[in-house]
Amino acid sequence: AVGALVAGCATSSGPVRIEPSYQEASSSPFIQTNRDAVAKLTAGFDMASLGAGPVLVATVVNVNDLSRAAPLGRTLSEQYATGMVAGGFNVKEIKLRGDVYVREGAGELLLSREIKDIARNHSASLVLVGTYSAAASFTYVSLKLVRTEDSRIVSGYDYALPNDRDVQRLLAVAR
């Protein structure tokens, strides 16, 4: 009888996968970590002293392959732009313009030699640029706010993301 009871309780389908909830999604540590990074990057920042032009947010790229951005880089850039808008910055959406340097599969790449031309075309006073580098346990992210007038870094912030399943999936680059 005991054998029949134990056999009746076992499932043949293996472990049951528990789906994430909307509650968990709304409090995602990934999103909060990126919001905190923008807040720290811009803490005490006096926009008036740097000009009235908008801020551009470039695609965050892999430090080992600046010509290609994985979904992680594009996702981070989108969240940084949102965080800067929430912080009161005038952020210009450059994806909507046809004259921005865009490489297929990479998003909006903004390399140092292009900053002045693109910024001039968009009347931008600052550009947020960044890189990431995946290591064994963490992905390290470096952010910089660059003044377009003279390419001077006016603020910087470094942080790390744990290489959990979500980050690993976002790091994958389709070939």
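Please read these numbers as outputs of a predicted model, since none were measured by experiment.
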For this session: Without swapping roles, check the side chain of Asp158 against the backbone of Tyr140 for a donor-acceptor pair under 3.5 Å.
Result: no

Exercise. Can you find a pair of side-chain heavy atoms, one from Leu126 and one from Glu149, that are under 4.5 Å apart?
Worked result: no

Exercise. Quick one: are Leu128 and Leu56 in side-chain contact, heavy atoms under 4.5 Å?
Worked result: no

Exercise. Hey, are Asn34 and Tyr159 close enough side-chain-wise for a donor-acceptor pair under 3.5 Å?
Worked result: yes

For this session: Determine the minimum heavy-atom distance between Ala70 and Leu171, stating which atoms define it.
Result: CB-O, 3.4 Å

Exercise. If you take all heavy atoms of Ala37 and Leu143, which pair is closest and at what distance?
Worked result: CB-CD1, 4.1 Å

For this session: Can you tell me which residue pairs pass the salt bridge (charged side-chain N to carboxylate O under 4.0 Å, His left out) test with a partner in residues 19-28, sequence neighbours excluded?
Result: Arg17-Glu19

Exercise. Tyr80 versus Val141: any side-chain heavy-atom pair under 4.5 Å?
Worked result: yes

Exercise. Checking Thr148 side chain against Ser125 main chain: does a donor-acceptor pair fall under 3.5 Å?
Worked result: yes

Problem set entry | Check against side-chain contact (heavy atoms from CB on, under 4.5 Å), Asn62 and Tyr132 | CA-CA 5 Å; Asn62 183 333; Tyr132 64 86; 3.6 Å; yes

For this session: Just jot down the side chain to side chain contact (heavy atoms under 4.5 Å, CB included) partners of Ile153, sequence neighbours excluded, or say none.
Result: Lys144, Val146

For this session: Using the side-chain contact (heavy atoms from CB on, under 4.5 Å) rule, take Val57 and Ser77 through it: C-alpha gap first, then chi angles, then the decisive distance, then the call.
Result: CA-CA 7 Å; Val57 178; Ser77 297; 4.2 Å; yes

For this session: Run the numbers on Leu161 and Thr33 for side-chain contact (heavy atoms from CB on, under 4.5 Å), then give the verdict.
Result: CA-CA 8 Å; Leu161 297 168; Thr33 297; 3.9 Å; yes

Exercise. Going by heavy atoms in the side chains, are Leu76 and Phe30 under 4.5 Å from each other?
Worked result: yes

Exercise. Which residues pass the side chain to side chain donor-acceptor pair (under 3.5 Å) test with Thr131, sequence neighbours left out?
Worked result: none

Exercise. Is it true that a side-chain atom of Thr139 and a backbone atom of Ser133 form a donor plus acceptor pair closer than 3.5 Å?
Worked result: no

Exercise. Between Pro162 and Phe138, which heavy-atom pair has the shortest distance, and what is it?
Worked result: CA-CD2, 3.8 Å

Exercise. Between Ser151 and Arg147, is there a donor-acceptor pair closer than 3.5 Å when you use the side chain of the first and the backbone of the second?
Worked result: no

Problem set entry | Distance-only side-chain donor-acceptor flag, Asp36 / Gln32, under 3.5 Å | yes

Problem set entry | Least distance between heavy atoms, Ala58 atom then Val129 atom | CB-CG1, 4.2 Å

Exercise. Can you tell if the side chain of Val167 reaches within under 4.5 Å of the side chain of Asp164, non-hydrogen atoms only?
Worked result: yes

Exercise. Hey, does the side chain of Ser28 reach the backbone of Ala25 with a donor-acceptor pair shorter than 3.5 angstrom?
Worked result: no

Exercise. Can you name the closest pair of heavy atoms from Ser123 and Pro54 and give their distance?
Worked result: O-CD, 2.8 Å

